[in-house]
Amino acid sequence: MEADIKKGHFIHSIIREDVKNNKNDGKVVTRFPPEPNGFLHIGHAKSICLNFKMAQKFNGTCNLRFDDSNPAKEKQIYIDSIKSTVNWLGFEFNSPLFASDYFDKLYHFAIALINKGKAYVCSLTADEIREYRGTLTQTGNDSPFRKRSVEENLDLFTRMKNGEFDEGEHTLRAKIDMESPNINLRDPIIYRVKKASHPRTGDQWCIYPMYDFTHCISDALEGITHSLCSLEFEDHRPLYDWILDELETPCHPQQIEFARMNINFTVLSKRKLQRLVEDNHVEGWDDPRLPTLEGMKRRGYTPESIRNFCEIIGVSKKGSRIDMGLLESCLRDDLNEKSPRVMGVLKPLKVTIENYPDDTSEELIGKNHPQKEEMGTRTISFSKQIYVEQDDFMEDAPKKFFRLSIGREVRLRYAYLITCKDVIKDESGKVIELICTYDPKTKGGNAPDGRKVKGTIHWVDANDCIDAKVNLYDRLFKDENPEQDKQDLIENLNPDSLEELKSCKLEKHLVNAVPEYVYQFERLGYFCLDSRQASKDHFVFNRTVTLRDAWAKFLKKR
RNA sequence: UGGGGCGUCGUCAAGUGGUAAGACACAGGGUUUUGAUCCCUGCAUUCAGAGGUUCGAGUCCUCUCGCCCCAGCCA
């Protein structure tokens, strides 16, 4: 703990200083404020982890608050999904809060602003407002409605609320400074007419507050001490502060901005993800290839691995592009610890063991984890016919190929040493079966004469296994940066991001598999039962991630 | 070209004037009934660049360069 004192990212340091100086009575209250207009992705996980962990570290609380001030885009299904995803990630929150619960208060704050002469009803059209706002290099001009009296503003605003006007006819604007170099301060709109039904307030309102007005006040009402958001809101901070300075709110939270996460070979924006889903380039929001948290969950990602990843990447203000390999490394790290080992053959090649007795089988013992005795053992059936991986046989094998080839001996994991004697080919010359012999004295895998066998391969009993389909996933995009050189996202999709193997043979043990419970198929990778495609009599597994593969790397170099 | 930010190893990222942590990746080597795991070893004389202050600068000052964000009645 002591060694921890100076560690941590800049936000951690700021909060630590604040607590030390007894700012906010030493309390820390944060919030994760998603808009319920889509599903959460790994980028949100960074914010979730940051907010919840900062609260945890300083014995504070973190609210889950839905920023639901735009009924045109928000839906109940997103609210439900977000809640369960935050829980899945491992964070507890008091009952979720909603900006819409503050609509009444927000309305009165708006009236207070009008009464102070700091807000006015503007009757310019959307186009006119844009023109009056000026550009990046030209200052804006005052709206002709800027000088309306408080009484008139009050009357108009009330009538906006009562539904007397159509959308776009009037807006409520903060009266700040049309000449500000910061465009956000050029009399920003804080209320607009929107005749849409809200998922939570129904048709109770026809005016809705804008983000800038809603967010800071919501934060203040909840007693948030540190309002953490992404970099693009840096320009909004003066507005955040202006509103809270003008109004009498319970407190004035501090907004602190940090950089969003980017990961190579994927995209992390709601709009782009939505396009992939809506144009059917993927199966849906929970497609295992997507960086959505629902997709990652279905793929087999563990909450621990995601949390750890968010911890490792840190928090800064630098725009970054994190290597997908780091995410995968965090995943393997966690899975290596807790996944039971099992055997499965993805591309089966039949092997007949000539000298093994017909019509018998035996039970062999396999460890569920090579380093963890406490994870126990299981029995694995063995008989005259087995399947091995096609890749584990090669006719003209290089010297370093420690697997099957005619005349070579390998170890069948937990079983026997076998030697390949012959191959059977079909008309096209393709190897369809191997004829091998086994050494009965090597049960378990060791030779009594002490001879060394370098290669160990996995296998399944052809007479006692389950058939399954396995989905092999690869990166969704071909390019590290899917939109490099303004390429279209879609053209950059990796056509091989999904490979479906339909005749896989898996160890019988897997009949007990349930979704999200990840197994390591030895020598291949980590896999879990698919929650959508699998059924009682149809096994479908998803490859969560491959194992690190030094052999593949070696081949690639040659 | 107005305003706001950011530039430390291939990728993240510590560093808060005292002589460049760590992780991933990469390269070697060892152990191994998973070519997995694990374990060693190596990997920035240099912090976007140029000046300056200082006994001493990634950290302070000046200038230059590069990148990101902002002109929704979205959040």
Side-chain angles (χ1 to χ4, degrees), chain A residues 6-9 13 33-35 37 67-70 72-74 122 124-126 129-131 133-140 167-173 180-186 188-194 208 210-212 214-215 229-238 257 259 261 264 270 311-330 332-333 336-337 341 343 366-367 369-371 400-403 410-415 417 444-446 453-458 480 520-525 546-554:
Chain A
K6 283 203 134 177
K7 286 264 189 299
H9 45 72
S13 306
E35 181 189 13
N37 68 343
D67 229 332
D68 58 347
S69 57
N70 183 4
K73 295 185 175 177
E74 298 149 7
C122 181
L124 252 24
T125 65
I129 284 182
R130 192 178 336 106
E131 279 165 31
R133 185 159 37 221
T135 67
L136 294 179
T137 49
Q138 287 167 237
T139 57
E167 290 185 16
E169 266 190 86
H170 305 285
T171 55
L172 184 69
R173 295 230 251 165
S180 172
N182 181 344
I183 294 184
N184 295 302
L185 262 19
R186 317 236 260 237
I189 293 168
I190 57 178
Y191 259 94
R192 78 287 213 190
V193 175
K194 207 149 232 188
Y208 291 92
M210 298 284 288
Y211 165 83
D212 287 306
T214 311
H215 203 89
C229 64
S230 45
L231 245 33
E232 66 266 34
F233 291 104
E234 217 150 14
D235 285 344
H236 294 243
R237 184 160 19 100
E257 310 83 10
M261 169 197 298
N264 60 10
K270 251 178 226 174
E311 190 72 40
I312 282 176
I313 59 169
V315 179
S316 74
K317 299 189 74 161
K318 189 173 75 176
S320 62
R321 180 159 230 98
I322 295 153
D323 194 338
M324 176 71 90
L326 182 59
L327 214 206
E328 292 171 343
S329 163
C330 291
R332 289 192 186 103
D333 224 44
N336 175 51
E337 287 294 310
R341 318 284 131 131
M343 290 194 285
K367 289 182 182 174
H369 190 113
Q371 281 85 227
K400 288 198 154 188
F401 185 77
F402 307 129
R403 309 179 191 185
V410 300
R411 173 165 34 238
L412 293 178
R413 175 136 243 224
Y414 298 128
L417 297 182
N446 285 312
V453 173
K454 182 84 177 157
T456 300
I457 65 172
H458 58 98
E480 179 175 343
Q520 183 193 104
F521 289 8
E522 293 208 37
R523 303 210 305 135
L524 297 174
T546 61
L547 247 30
R548 221 177 249 109
D549 192 347
W551 174 246
K553 206 179 278 175
F554 170 76

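Treat the numbers as computed from the prediction; the structure is a model and nothing was measured.
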(request) Identify, with sequence neighbours excluded, every residue that meets side-chain hydrogen bond (donor to acceptor under 3.5 Å, both in side chains) alongside A:R130. (result) A:D127
(message) Check this one for me: any side-chain N or O of A:S69 less than 4.0 Å away from OP1 or OP2 of B:A75?
(response) yes
(request) Output yes if the stacking criterion (under 5.5 Å between centres, under 30° between planes) is met for A:W551 over the base of B:G35, else no. (result) yes
(request) Would you classify A:I129 as touching base, sugar-phosphate or nothing, given that sugar-phosphate means primed atoms plus P, OP1 and OP2, and contacts are heavy atoms under 4.0 Å? (result) base
(request) With P as the reference atom in both, quote the distance from B:G58 to B:U19 in angstrom, rounded to an integer. (result) 11 Å
(message) Tell me every residue that passes side-chain hydrogen bond (donor to acceptor under 3.5 Å, both in side chains) with A:R192, counting only those two or more places apart in sequence or in another chain.
(response) none
(request) Could you work out which one of B:A75, B:C73, B:G35 sits closest to the side chain of A:K194? (result) B:C73
(request) Check whether any side-chain nitrogen or oxygen of A:K318 sits under 4.0 Å from OP1 or OP2 of B:U8, and answer yes or no. (result) yes
(request) Taking the side chain as every heavy atom from C-beta outward, state whether A:K318 and A:L231 have any pair of such atoms under 4.5 Å apart. (result) no
Extract from the structure each pairing of a protein N or O with an N or O of nucleotides 70-72 of chain B at less than 3.5 Å, listing the distance.
| residue | atom | partner | partner atom | Å |
| --- | --- | --- | --- | --- |
| B:A71 | O2' | A:R133 | NE | 3.4 |
| B:G72 | OP2 | A:R133 | NH2 | 3.3 |

(request) Could you work out the separation of B:G15 and B:A57 based on their C1' atoms and round it to a whole Å? (result) 13 Å
(request) Check every strand shown and say whether A:S180 touches a base, only sugar-phosphate, or nothing at a heavy-atom separation below 4.0 Å. (result) nothing
(message) When the C1' atoms of B:A14 and B:C24 are compared, how many Å lie between them, rounded to an integer?
(response) 15 Å
(message) Using the ring centroid of each side chain, check whether A:Y211 and A:F233 are separated by less than 6.0 Å.
(response) yes
(message) So A:A550, base contact, sugar-phosphate only, or nothing? Heavy-atom distance under 4.0 Å.
(response) sugar-phosphate
(request) Provide the distance between the two P atoms, one in B:U62 and one in B:G5, to the nearest whole Å. (result) 15 Å
(request) Indicate yes or no for a side-chain donor-acceptor contact from A:S230 to the backbone of A:E232 under 3.5 Å, with no hydrogens or angles considered. (result) no
(request) Quickly work out the A:E311 CD to B:A13 P distance and round it to whole Å. (result) 14 Å
(request) Pick base, sugar-phosphate or nothing for A:F554, based on heavy-atom distances below 4.0 Å to the nucleic acid. (result) nothing
(request) With syn defined as a glycosidic angle within 90° of 0 and anti as everything else, classify B:G72. (result) syn
(request) Please examine the side chains of A:I129 and A:R133, heavy atoms only from C-beta on, and report whether any two atoms are closer than 4.5 Å. (result) yes
(request) Give A:V315 one of three labels, base, sugar-phosphate or nothing, depending on what nucleic acid heavy atoms sit under 4.0 Å from its own. (result) sugar-phosphate
(request) Remember a base hit wins even if backbone is also touched, and classify A:F521 as base, sugar-phosphate or nothing at under 4.0 Å, heavy atoms. (result) nothing
(message) Between B:A44 and B:C9, how many Å separate the two C1' atoms, rounded to a whole number?
(response) 5 Å
(message) Please classify the nucleic acid contact of A:K270 as base, sugar-phosphate, or nothing, using heavy-atom distances under 4.0 Å.
(response) nothing
(message) With heavy-atom distances below 4.5 Å as the criterion, would you say the side chains of A:K454 and A:F401 are in contact?
(response) no
Scan nucleotides 57-59 of chain B against the protein and return all N/O pairs shorter than 3.5 Å with their distances rounded to 0.1 Å.
none

(message) Measure CZ/A:R321 against C1'/B:U11 and give the value in whole Å, please.
(response) 11 Å
(request) Please examine the side chains of A:L547 and A:L524, heavy atoms only from C-beta on, and report whether any two atoms are closer than 4.5 Å. (result) no
(message) Between A:R321 and A:E480, does any side-chain N to carboxylate O distance fall below 4.0 Å?
(response) no
(message) Using a 4.0 Å heavy-atom cut-off, does A:S320 contact any base of the nucleic acid, only the sugar-phosphate backbone, or nothing at all?
(response) sugar-phosphate
(request) Between B:U32, B:A14, B:C38, spot the one nearest the side chain of A:H9, thanks. (result) B:A14
(message) Please confirm whether the shortest side-chain N or O distance from A:T137 to OP1 or OP2 of B:U1 is below 4.0 Å.
(response) no
(message) Looking only at the side chain of A:I312 (C-beta and beyond, no hydrogens), which of the listed nucleotides B:G35, B:A23, B:A36 gets closest?
(response) B:A23
(request) Kindly indicate whether the side chain of A:I189, heavy atoms from C-beta on, has any atom under 4.5 Å from the side chain of A:L172. (result) no
(request) Take atom C1' in B:C74 and the same atom in B:G17, then report the distance between them in whole Å. (result) 46 Å
(message) Is the positively charged end of A:K194 above the ring of A:Y208, judged by distance under 6.0 angstrom from the centroid and angle within 45° of the axis?
(response) no
(request) Using atom NZ of A:K317 as one end and atom C1' of B:C12 as the other, report the distance to the nearest whole Å. (result) 18 Å
(request) May I ask you to say what A:K367 touches in the nucleic acid, namely base, sugar-phosphate or nothing, with a heavy-atom cut-off under 4.0 Å? (result) nothing
(request) Output all residues satisfying ring pair (Phe, Tyr, Trp, His ring centres under 6.0 Å) with A:Y191, sequence neighbours left out; order by chain, then residue number. (result) A:F157, A:F213
(request) On RNA chain B, check which nucleotide each of A:Q138 and A:G325 is closest to and give me the residue with the more 5' one. (result) A:Q138
(message) Regarding A:Y191, tell me which of base, sugar-phosphate or nothing describes its non-hydrogen contacts under 4.0 Å with the strands shown.
(response) nothing
(message) By nearest heavy atom, map A:F402 and A:D323 onto RNA chain B; which one lands nearer the 5' end?
(response) A:D323
(message) With rounding to the closest Å, how many angstrom separate the C1' atoms on B:C68 and B:A36?
(response) 40 Å
(message) Counting only side-chain heavy atoms from C-beta out, which of B:U34, B:A75, B:G4 sits nearest to A:E234?
(response) B:G4
(message) Under 4.0 Å, heavy atoms only, any strand: does A:T139 hit a base, just the sugar-phosphate, or nothing?
(response) nothing
(request) Remember a base hit wins even if backbone is also touched, and classify A:P370 as base, sugar-phosphate or nothing at under 4.0 Å, heavy atoms. (result) base
(request) Could you tell me whether A:E167 contacts a base, only the sugar-phosphate backbone, or nothing, with contacts defined as non-hydrogen atoms closer than 4.0 Å? (result) nothing
(request) Confirm from the modelled atom types if A:R341 and B:U34 form a donor-acceptor pair under 3.5 Å, side chain to base only. (result) yes
(message) When the P atoms of B:A21 and B:U16 are compared, how many Å lie between them, rounded to an integer?
(response) 13 Å
(request) Kindly write out the residues that satisfy side chain to side chain contact (heavy atoms under 4.5 Å, CB included) with A:K73, not counting sequence neighbours, or none if the list is empty. (result) A:E35, A:N37, A:N70
(request) Determine the contact category for A:L124: base if any of its heavy atoms lies under 4.0 Å from a base atom, sugar-phosphate if only primed atoms, P, OP1 or OP2 are that close, otherwise nothing. (result) base
